[in-house]
Amino acid sequence: MQTKPITATAPAGVAHQPLPHESAPLHVSGGATYIDDIAEAAGTLHAALGLSERAHARLVGLDLSAVRAAPGVRDVIVAADIPGENDCGPIVHDDPILADGCVQYLGQPIFAVIADSHAEARRAARLARVDYEDLPATLTPQQAHREQSYVLPPLRLTRGDAQAALQAAPFRLRGEFYVGGQEQFYLEGQISYALPQEGGAMHLWCSTQHPTEMQQVLAHALNLPAHAITVAVRRLGGGFGGKESQSALFAAVAAIAAQRLQKPVKLRLDRDDDMLITGKRHCFHYDYEAAYDSTGRILALRVVMVTRAGFSADLSGPVATRAMCHVDNAYYLSDVDIRAFCGKTNTQSNTAFRGFGGPQGAILIEHVIDSIARSLGRDPLDLRKLNYYGAPPRDVTPYGQRVEDNVIAQITADLEKSSDYEARRAQAVEFNRASPILKKGLAFTPVKFGISFNVAHYNQAGALVHVYTDGSVLVNHGGCEMGQGLHTKVAQVVAAELGLPLARVRATSTDTSKIANTSATAASTGADLNGMAAQQAAARVRARLAEFTAARYGGTPQQVYFADDCVSVGGQRFAFADIVQQAYQARVQLWADGFYATPKLHWDKKALQGHPFYYYAYGAAVSEVLVDTLTGEWKLLRADLLHDAGNSINPAIDLGQVEGGFIQGMGWLTLEELWWNEAGRLMTHSPSTYKIPAVHDCPADFRVRLFPNRNVENTVLRSKAVGEPPLLLAFSVFFALRDAIASLAEQRINPPLDAPATPEAIMRAVAAVRMAAI
Amino acid sequence: MKLNVNGQALAANVPGDMPLLWVLRDHLNLTGTKYGCGIGQCGACTVHLDGAPVRACLTPAAEAVGKKVLTIEGAADTPRGRAVQAAWEKLNVVQCGYCQSGQIMSAIALIESNPVPTELDIDAAMAGNICRCATYQRIRAAILEAAAAPRG
């Protein structure tokens with residue numbers, strides 16, 4: 001794709017400005033419409049799901065007579081009632097919509113009740129009599145690994161000869177580490193609203209990050225061609241990955257019921273059902289061995305990662321692949337042997353969550369470096385800098401991609417200075433010397449995050465730009481707005497291309513009947529992909545208007561200038577709307593499509609080698625914590641974040657992503673604990689027992705900046721993707737906690753601290769350090 | 001059942017034990033108030049009863065009879081409500097927006113009862129309103145901004 005002369009023609013007033021979210025006035029007045037706010041069509045019925053009470057069992061009896069007889073019930077649907085394929089798996093077809101013959105986790109939907117009201121459907125769903133014949137259940141990934149039970153074949157990424165390097169190395173470190181999973185906890189739960197259309201077609205409103213996949217799942221389940229299914233969504237009340245594949249089951253149930261009854265059917269999950277049914281971020285267990293020299297340079301790394309996939313494959317393969325491609329984080333690792341096993345467990349099928357395995361891969365190497373530093377009596381930051389990617393040959397990732405846009409050294413230098421790291425390190429040591437119970441901890445952690453879907457063909461997008469005769473502009477594209485400000489950014493791109501104020505441009509609902517065959521809004525790529533497609537569509541209209549203006553008023557099309565809501569050529573200036581009106585009358589096409597496919601990408605998924613990422617986003621963070629070593633309670637005192645969003649399209653939105661991603665990552669690593677009982681029942685299935693960060697968890701001193709940069713690759717307006725990478729900045733909180741605990745033994749002992757670092761986990765690590773220090 | 005919602009006398013034919021949330025959303029078509037968890041733990045359904053913030057998902061409709069119900073749709077009816085909305089917009093607080101009706105209603109109630117809140121006051125008053133996008137930094141700043149805004 002050629003470089004566009006965007007900076008030559010775009011007014012500075014739209015691109016790169018901290019403009020408000022396009023829905024801000026609606027958000028603050030209650031006027032923003034989510035799926036459940038859409039006015040219900042007459043005769044709308046409501047669905048609820050009957051869930052498995054066992055982790056793994058044969059279904060030997062299913063008596064639904066009481067369910068059918070309950071007040072308000074119109075229909076009950078089981079697997080046999082599905083007209084097409086009973087599957088909603090995104091890649092592997094191992095994900096039943098409704099359990100058929102056996103249940104594979106506690107919470108798995110077995111049947112659906114359709115009733116006049118939501119409450120009647122939910123009450124009736126409790127009346128089923130289900131007879132189970134229990135089967136052995138695998139409830140932990142470690143158990144699955146022992147049983148060699150996986151949802152996908154194991155993966156292995158190697159470079160050099162890790163075994164030889166380990167044997168030859170002067171120093172070795174062996175260890176285990178565990179990082180827990182995380183519930184997405186989108187505040188708007190899963191919801192689908194299906195409306196039958198004429199001729200057997202179906203329209204579905206669905207809170208999803210992937211309308212096209214919903215369309216495909218519905219087509220298969222309903223036995224209809226894709227053209228008979230329309231899926232649309234204006235905005236999501238949060239997605240975070242949890243509505244990439246896992247909105248499909250609910251979409252399918254609503255649509256199957258709507259097709260059977262020829263009535264509109266809505267399925268809005270209760271919060272507890274949502275948490276019991278849907279998959280979460282994968283937890284990871286690591287068994288590793290690292291080799292290093294006396295300076296702290298890493299010479300080799302061998303790691304076995306075992307993750308909780310749940311009962312089906314879902315997106316576990318790509319998640320594990322991204323984890324393996326992020327074990328390096330910002331560091332050059334010459335000899336590696338990285339293995340990943342997706343353990344099949346009788347629990348919810350784990351899925352995408354902001355970072356998609358990237359955080360789980362990268363935190364391992366941070367744990368290793370943090371541990372080596374303590375073993376050598378060095379500041380971990382010194383070792384981080386020593387091991388960063390650098391000049392050739394230290395610039396090639398284990399998967400064979402050259403790191404060509406590395407700014408981690410500049411970011412580190414900037415943040416080290418602005419955060420006053422060195423002085424605060426000394427102050428923390430001083431404080432801890434005088435404070436036997438309350439201990440301070442400080443940590444600096446970097447981020448390098450690969451941008452693009454690992455699967456090359458997902459990296460495509462389309463857009464439509466319509467210019468109406470009054471000069472107003474509508475843009476539609478394949479991405480979903482879930483709070484990340486995608487529609488605002490895309491509208492900015494279109495407005496910049498046409499030289500218009502933002503108020504002229506409106507972004508509309510994502511809709512499979514407008515843009516076909518879209519990719520999920522995921523992998524942080526929403527603005528990169530859809531912004532480029534929309535820019536191309538707007539550029540096409542602009543080119544036609546330029547040609548028309550030049551023909552009518554003189555000059556060449558290249559001399560026609562679009563800015564400040566006007567079109568200018570040869571000293572003449574016209575209102576944009578006037579030129580549009582004239583062009584319409586001259587029968588100029590005033591709408592256009594745009595298409596974008598990310599260049600340079602290739603990936604060998606067997607060898608795990610190639611160029612899976614178009615570029616990298618970078619960042620770094622410094623966190624300072626205060627830990628009460630008698631209770632395990634702690635406080636984040638200060639956090640300094642510096643993040644690379646390239647030439648940000650909208651700094652206000654991007655800073656919000658950095659702030660929010662950091663806090664969300666902190667929740668993952670410190671607060672949020674998923675806990676299943678011996679029967680395999682997720683006990684943390686509501687906000688009463690599953691705690692995400694609240695306002696008081698945020699640091700009083702929170703300094704967040706964007707690193708001034710410009711993407712070396714030709715991305716939209718030279719910006720960088722920003723959705724996921726900042727989540728990894730929260731590593732600094734976790735390692736600051738570890739630092740504080742290690743201060744109990746003057747940093748001589750590596751605290752055995754796993755994530756989430758809850759007060760209980762902190763107390764265990766405190767006790768271990770105290771014991772070891774005796 | 002007769003209710004006073006956002007200064008309007010409205011009637012709804014609902015049982016007294018129906019949670020106010022569903023009366024507002026399903027019977028009075030006031031969908032700005034959101035369902036988040038149904039157990040009073042997330043704050044997305046926060047509305048005011050006689051000026052005090054309550055969780056509409058746990059408040060029986062009968063309890064609202066004879067009281068003034070204020071929802072996000074009526075937030076702009078008071079100077080402080082408008083100041084909070086303006087601060088929210090100015091500081092670009094919102095990401096996905098789903099929890100923000102509740103956040104704003106809690107913020108208005110805080111400033112009505114405590115016109116000069118400290119950061120600690122804000123943390124205490126807003127602790128029951130969770131935001132998965134984690135817009136908290138800006139929520140704090142917007143409340144301070146709204147509290148400092150000239151009245152009128």
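In what follows, chains carry the letters A, B, and so on, assigned in the order in which the sequence lines appear, proteins first and then strands, with residues in each chain numbered from 1.
In this structure the side chain of Ile143(B) never reaches within 4.5 angstrom of the side chain of Val84(B), judged on heavy atoms. Leu236(A) places none of its side-chain heavy atoms less than 4.5 Å from the side chain of Cys96(B). Using a 4.5 Å heavy-atom threshold, the side chains of Pro687(A) and Phe185(A) count as touching. Residues Leu267(A) and Leu49(A) form a side-chain contact, since some pair of their non-hydrogen atoms from C-beta on lies under 4.5 Å apart. Looking only at side-chain heavy atoms (C-beta outward), Leu669(A) and Val733(A) stay at 4.5 Å or farther from each other.
Looking at Phe662(A), neither its backbone nor its side chain comes within 4.5 Å of chain B, counting heavy atoms on both sides. Neither the backbone nor the side chain of Ile139(B) comes within contact range of chain A, judged by heavy atoms closer than 4.5 Å. Residue contact with chain B, scored on non-hydrogen atoms closer than 4.5 Å, involves the backbone of Ala32(A) exclusively. At a 4.5 Å heavy-atom cutoff, the contact between Leu655(A) and chain B is made by backbone and side-chain atoms alike. Contact of Ala75(B) with chain A is not made at all, since no heavy-atom distance falls under 4.5 Å. Within the 4.5 angstrom heavy-atom criterion, only backbone atoms of Leu269(A) (N, CA, C, O) approach chain B. Contact of Pro18(A) with chain B is made through the backbone alone, with heavy-atom distances under 4.5 Å.
Residues satisfying the side-chain contact (heavy atoms from CB on, under 4.5 Å) criterion with Ala121(A), sequence neighbours excluded, are Ala48(A), Ala115(A). With sequence neighbours left out, Met683(A) forms a side-chain contact (heavy atoms from CB on, under 4.5 Å) with Trp675(A), Asn677(A), Arg681(A). In this structure, Phe250(A) has no ring pair (Phe, Tyr, Trp, His ring centres under 6.0 Å) partners at least two apart in sequence or on a different chain.
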Between chain B and chain A, identify every pair of one donor and one acceptor N or O atom lying under 3.5 Å apart.
{"unit_1": "Arg25(B)", "atom_1": "NH1", "unit_2": "Asp37(A)", "atom_2": "OD1", "d": "2.9"}
{"unit_1": "Arg25(B)", "atom_1": "NH2", "unit_2": "Asp36(A)", "atom_2": "O", "d": "2.9"}
{"unit_1": "Arg25(B)", "atom_1": "NH2", "unit_2": "Asp36(A)", "atom_2": "OD2", "d": "3.1"}
{"unit_1": "Arg25(B)", "atom_1": "NH2", "unit_2": "Asp37(A)", "atom_2": "OD1", "d": "2.7"}
{"unit_1": "Lys34(B)", "atom_1": "NZ", "unit_2": "Asp37(A)", "atom_2": "OD1", "d": "3.4"}
{"unit_1": "Lys34(B)", "atom_1": "NZ", "unit_2": "Asp37(A)", "atom_2": "OD2", "d": "2.4"}
{"unit_1": "Tyr35(B)", "atom_1": "OH", "unit_2": "Asp270(A)", "atom_2": "OD1", "d": "3.1"}
{"unit_1": "Tyr35(B)", "atom_1": "OH", "unit_2": "Arg271(A)", "atom_2": "N", "d": "2.9"}
{"unit_1": "Gly36(B)", "atom_1": "O", "unit_2": "Arg271(A)", "atom_2": "NE", "d": "2.9"}
{"unit_1": "Gly36(B)", "atom_1": "O", "unit_2": "Arg271(A)", "atom_2": "NH2", "d": "3.0"}
{"unit_1": "Gln41(B)", "atom_1": "OE1", "unit_2": "Lys691(A)", "atom_2": "NZ", "d": "3.3"}
{"unit_1": "Gln85(B)", "atom_1": "NE2", "unit_2": "Val28(A)", "atom_2": "O", "d": "2.7"}
{"unit_1": "Gln95(B)", "atom_1": "OE1", "unit_2": "Gln657(A)", "atom_2": "NE2", "d": "3.1"}
{"unit_1": "Gln95(B)", "atom_1": "NE2", "unit_2": "Gly656(A)", "atom_2": "O", "d": "2.9"}
{"unit_1": "Cys96(B)", "atom_1": "O", "unit_2": "Tyr34(A)", "atom_2": "OH", "d": "2.6"}
{"unit_1": "Tyr98(B)", "atom_1": "N", "unit_2": "Tyr34(A)", "atom_2": "OH", "d": "3.3"}
{"unit_1": "Arg132(B)", "atom_1": "O", "unit_2": "Gln664(A)", "atom_2": "NE2", "d": "3.0"}
{"unit_1": "Arg132(B)", "atom_1": "NE", "unit_2": "Gln184(A)", "atom_2": "O", "d": "2.8"}
{"unit_1": "Arg132(B)", "atom_1": "NH1", "unit_2": "Glu672(A)", "atom_2": "OE2", "d": "2.7"}
{"unit_1": "Arg132(B)", "atom_1": "NH2", "unit_2": "Glu183(A)", "atom_2": "O", "d": "2.6"}
{"unit_1": "Arg132(B)", "atom_1": "NH2", "unit_2": "Glu672(A)", "atom_2": "OE1", "d": "2.7"}
{"unit_1": "Arg132(B)", "atom_1": "NH2", "unit_2": "Glu672(A)", "atom_2": "OE2", "d": "3.4"}
{"unit_1": "Tyr136(B)", "atom_1": "OH", "unit_2": "Pro693(A)", "atom_2": "O", "d": "2.5"}
{"unit_1": "Gln137(B)", "atom_1": "NE2", "unit_2": "Phe702(A)", "atom_2": "O", "d": "3.3"}
{"unit_1": "Arg138(B)", "atom_1": "NE", "unit_2": "Glu659(A)", "atom_2": "OE1", "d": "3.0"}
{"unit_1": "Arg138(B)", "atom_1": "NH1", "unit_2": "Ala652(A)", "atom_2": "O", "d": "3.2"}
{"unit_1": "Arg138(B)", "atom_1": "NH2", "unit_2": "Ala652(A)", "atom_2": "O", "d": "3.0"}
{"unit_1": "Arg140(B)", "atom_1": "NH1", "unit_2": "Pro699(A)", "atom_2": "O", "d": "3.1"}
{"unit_1": "Arg140(B)", "atom_1": "NH2", "unit_2": "Val695(A)", "atom_2": "O", "d": "2.9"}
{"unit_1": "Arg140(B)", "atom_1": "NH2", "unit_2": "Cys698(A)", "atom_2": "O", "d": "3.0"}

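Contact count against chain B (heavy-atom pairs under 4.5 Å) is highest for Leu187(A) among Ile663(A), Leu187(A), Ile653(A). In terms of non-hydrogen atom pairs under 4.5 Å with chain A, the most contact-rich of Ala124(B), Cys131(B), Ala127(B) is Ala127(B). Highest contact tally toward chain B, considering only Gly660(A), Ala700(A), Ala694(A), is held by Ala694(A) [criterion: heavy-atom pairs under 4.5 Å].
Nearest heavy atom pair, residue Gly38(B) against residue Leu58(B), reads O-CD2, 3.8 Å. Of all heavy-atom pairs spanning Ala109(B) and Pro53(B), the tightest one is CB-CD, 3.6 Å.
Within the 3.5 Å criterion, the main-chain N or O of Lys68(B) finds a donor-acceptor partner in the side chain of Asp50(B).
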